[in-house]
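Single-structure report; data block below.
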Amino acid sequence: MKTLWCKTPVLLVLAVGLVANQAMALESPAGKTVLVVSGDITQTNVGDEAHFDMAMLASLEQGEIVTQTPWHEGKVSFSGPLGVALLAEVGAQGSDLRVTALNDYAADVPASDFAEHGVVLATHKDGEPMSIREQGPLFIVYPFDDNPDLLTETYLTRSVWQVAAIDVYDN
């Protein structure tokens, strides 16, 4: 029993060290920062925020949604990191997201939307990178054609384009 007590603090210190190390596990962006994630997250790389460049976003699990939107003509293929992959990468702990665009437009999005609807943070439209002029560099896209119930004002306002920041919080 005495041996167990001697090993337990050592194991506890190792476990705490691993958890502390994970809090700074994200690499720093090598390129221009295009997305800043803040708030209730455990993985950071610049202070208490997670900064991402396009290469970092491209390294996350990718998804594709082919759908019509009110802002485009006909069906469009949107691709980019899955929202759930981004939230996992930053260790998001909150239930809600405040998504802010380059022009300061902001929308509150339940984090559960990302998993329930397979939301993509589109970086490409029809295989081409999305410029700021074309609603990029990031555009939250829902699968409207797969689920017509999403074509409501609620989900349309959550479809933020020119995304620059996401704040994770609990409502």
Enclosure of Gln93 CD (heavy-atom neighbours >12, cutoff 6.0 Å): yes

If I compare all heavy atoms of [X] with all of [Y], which pair ends up nearest, and what's the gap?
X	Y	value
Lys75	Asp145	NZ-OD2, 2.8 Å
Ala101	Val160	CB-CG1, 3.9 Å
Gly94	Ala111	O-CB, 4.0 Å
Pro70	Leu156	CG-CD2, 3.7 Å
Ala106	Thr100	CB-OG1, 3.9 Å
Ser38	Glu49	CB-CG, 4.0 Å

Would Phe114 and Val109 count as a side-chain contact (heavy atoms from CB on, under 4.5 Å) if you check the C-alpha gap in whole Å, the side-chain angles of each, and the deciding distance to 0.1 Å? CA-CA 9 Å; Phe114 283 17; Val109 178; 4.0 Å; yes

Under 3.5 Å donor-acceptor, [X] side chain and [Y] backbone:
X	Y	result
Asp167	Arg98	no
Thr67	Pro143	no
Asn171	Asp96	no
Asn45	His51	yes

Quick check: is [Y] connected to [X] through a chain of hydrophobic side chains (ILVMFWY, heavy atoms under 4.5 Å apart)?
X	Y	result
Trp71	Val141	yes
Leu35	Ile132	no
Phe139	Val76	yes
Ile65	Leu151	yes
Val36	Ile41	no

Beyond-backbone contact of [X] with [Y], side-chain heavy atoms, under 4.5 angstrom:
X	Y	value
Thr69	Ser159	no
Glu89	Ser59	no
Pro81	Thr123	yes
Val90	Phe52	yes
Trp161	Asn103	no
Asp40	Asp170	yes
Leu82	Leu60	no

Can a donor-acceptor pair be found between the side chains of Asp113 and Tyr155 at a distance below 3.5 Å?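 There is no such pair (donor and acceptor under 3.5 Å, judged by atom type) between the side chains of Asp113 and Tyr155.
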
Hey, could you give me the [atom1]/[atom2] distance between [X] and [Y], rounded to the nearest 0.5 Å?
X	Y	atom1	atom2	answer
His124	Glu64	NE2	CD	11.5 Å
Ile140	His117	CD1	NE2	12.5 Å
Asp149	Tyr142	CG	OH	14.0 Å
Gln162	Gln135	CD	CD	7.5 Å
Ser28	Met56	OG	CE	7.5 Å

Show, in sequence, the C-alpha distance, side-chain angles and deciding distance for Thr33 and Val46, and conclude whether the side-chain contact (heavy atoms from CB on, under 4.5 Å) test is met. CA-CA 11 Å; Thr33 297; Val46 177; over 6 Å; no

Which label fits Phe78 and His72: parallel for a plane angle under 30°, tilted from 30 to 60°, or perpendicular past 60°? perpendicular

For Asp108 and Leu97, run side-chain contact (heavy atoms from CB on, under 4.5 Å): C-alpha distance rounded to whole Å, both residues' side-chain angles, the deciding distance at 0.1 Å, then the answer. CA-CA 6 Å; Asp108 293 309; Leu97 312 170; over 6 Å; no

Using the rule given for side-chain contact (heavy atoms from CB on, under 4.5 Å), can you reason through Leu121 versus Leu57, listing the C-alpha separation, both sets of side-chain angles and the distance that settles it, and then say yes or no? CA-CA 9 Å; Leu121 280 88; Leu57 292 171; 6.0 Å; no

